[in-house]
Amino acid sequence: MKPNRRTGREFMVLQVVFQPGALFRLTGLPVHELTDTFVDAEAVFSSELQRVNERLNSTDDSGEMLAIMEGFLHQLIQKNRSDYLPVDRISHLMLDAAGLHSTGQPPTPSALNWSVDWLAKEACLSNKQFYRKSMERLGISPKLFDRIIRFNRAARLRSDHPTHDWLLVALESGYYDYQHLARDFRAFTKLNPNEFTQIDGLAVPCAFGDVSP
């Protein structure tokens with residue numbers, strides 16, 4: 001049974017978001033074994049994480065908290081970093097095309113409908129090898145990763161431009177039509193696009209005035 005958490009308007013969250021493939025490169029654990037599961041962080045990052053948590057709890061200074069976390073991550077990188085392979089570049093390439101990376105490049109919706117054959121070739125792998133490496137590094141198949149990127153692009157685009165109609169959002173996000181966009185919204189959220197937008201507007205980041213990704 002999960003505990004309910006209630007808090008006032010003053011609280012702090014320290015969140016570390018890994019780039020696609022980074023968790024595998026730092027731990028060597030096949031990410032598909034962690035997908036859609038709850039895992040004790042110490043089982044993944046060693047008992048040193050308990051010491052990090054204790055240090056974080058001992059300070060109220062956000063700058064010191066960031067320094068503690070960055071120090072831990074730097075140690076982790078030095079101890080466990082694996083080679084950056086062509087297959088690792090593919091996920092970044094896909095995010096760049098959707099405008100979901102901070103590269104300064106504009107999104108290119110026409111490039112959002114990737115061919116798995118082309119992606120595998122760019123990764124210097126056969127299709128079967130590319131699928132296996134994607135499951136290992138991303139935790140999901142290349143096609144599902146592509147769908148999630150397109151869905152994410154659509155949700156952010158509508159959030160940034162609430163007056164856009166859904167057909168325009170669909171086309172600018174790489175969907176063939178509104179029906180394909182609605183299908184992904186139902187698959188990932190169990191809601192249609194308008195229902196999702198209404199609920200998303202009540203989310204904590206929106207309530208606190210922070211809607212940045």
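Here the structure is a predicted model, which means the values were calculated and not measured. Below, each value reflects all heavy atoms present in this structure, side chains not excepted, and no hydrogens, waters or symmetry copies.
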Quick one: do L26 and M69 end up in the same hydrophobic cluster if we chain Ile, Leu, Val, Met, Phe, Trp and Tyr together by side-chain heavy atoms under 4.5 Å apart?
yes

Parallel, tilted or perpendicular: which one describes the rings of F185 and F196, with boundaries at 30° and 60°?
perpendicular

Check the angle between the aromatic planes of Y176 and H180 and answer parallel, tilted or perpendicular using the 30° and 60° thresholds.
perpendicular

For A43 versus V39, what's the shortest heavy-atom pair and its separation?
CB-CG1, 4.4 Å

Looking at N57, I'd like to know if its CG atom is crowded, meaning that more than 12 non-hydrogen atoms belonging to other residues, nucleotides or ligands lie closer than 6.0 Å.
yes

Write down the atom of G174, the atom of R150, and the distance for their closest heavy-atom approach.
O-NE, 3.5 Å

Strictly distance-based, threshold 3.5 Å: is any side-chain N or O of D88 a donor or acceptor partner for the main-chain N or O of Y84?
no

Quick check against the 3.5 Å criterion: does S134 have a side-chain atom that pairs as donor or acceptor with the backbone of F130?
yes

Smallest heavy-atom separation, L95 atom then P20 atom, equals CD1-CG, 3.7 Å

How many angstroms lie between atom CZ of R55 and atom CD of Q50, to the nearest 0.5 angstrom?
14.0 Å

Using atom types as modelled and distance alone, determine if a side-chain donor or acceptor of Q129 lies under 3.5 Å from a backbone N or O of S126.
yes

Drop me the distance from N53's CG to E42's CD, to the nearest 0.5 angstrom.
8.5 Å

Gap separating the CZ atom of F72 from the CD1 atom of I77, nearest 0.5 angstrom:
10.5 Å

Test your reading of the model: is there a side-chain donor-acceptor pair from T35 to the backbone of G139, 3.5 Å cut-off?
yes

Between M135 and V87, is there shared hydrophobic-cluster membership here, with clusters defined by ILVMFWY side-chain heavy atoms closer than 4.5 Å?
no

Side chain to side chain, L171 and W166, heavy atoms closer than 4.5 Å
no

Count the heavy atoms belonging to other residues, nucleotides or ligands that lie under 6.0 Å from CZ of F151, then report whether that count exceeds 12.
yes

What's the separation between atom CG in L56 and atom CD in E54, rounded to the nearest 0.5 Å?
10.0 Å

Side-chain heavy atoms nearer than 4.5 Å, only ILVMFWY residues, links allowed to pass through others: does that put L181 and L168 together?
no

Side chain R158, main chain P162, donor-acceptor under 3.5 Å:
yes

In the structure I gave you, are the side-chain heavy atoms of L23 and L29 within less than 4.5 Å of one another anywhere?
no

Would you say the side chain of L14 lies within less than 4.5 Å of the side chain of L66, judging by non-hydrogen atoms?
yes

Where T59 and M65 come nearest, the two heavy atoms and their spacing
O-CE, 3.0 Å

Could you measure the distance from the CG atom of L119 to the CD1 atom of I90? Nearest 0.5 Å is fine.
6.0 Å

Under 3.5 Å donor-acceptor, S159 side chain and R156 backbone
no

Among the clusters formed by ILVMFWY side chains lying less than 4.5 Å apart, do I148 and Y131 turn up in the same one?
no

Note: R137 and V31 closest approach over all heavy atoms is O-CG2, 3.4 Å

Considering all heavy atoms, the nearest A120-N127 contact
CB-OD1, 3.4 Å

Are any side-chain N or O atoms of E195 and backbone N or O atoms of N192, one a donor and one an acceptor, separated by less than 3.5 Å?
yes

Report yes if the side chains of K121 and D117 come closer than 4.5 Å at any heavy-atom pair, otherwise no.
no

Check R89 with E122, please: is the shortest side-chain N to carboxylate O separation under 4.0 Å?
yes

In Å and rounded to the nearest 0.5 Å, what is the CD1 to CE distance from I149 to M94?
4.5 Å

CG of D36: more than 12 outside heavy atoms within 6.0 angstrom?
no

Flag for D184-Y175: side-chain donor and acceptor within less than 3.5 Å:
yes

Short N-O contact, E136 and K133, less than 4.0 angstrom
yes

Do V116 and D146 come close enough that some side-chain heavy atom pair is under 4.5 Å?
no

Donor-acceptor contact below 3.5 Å, side chain S173 vs main chain A170:
no

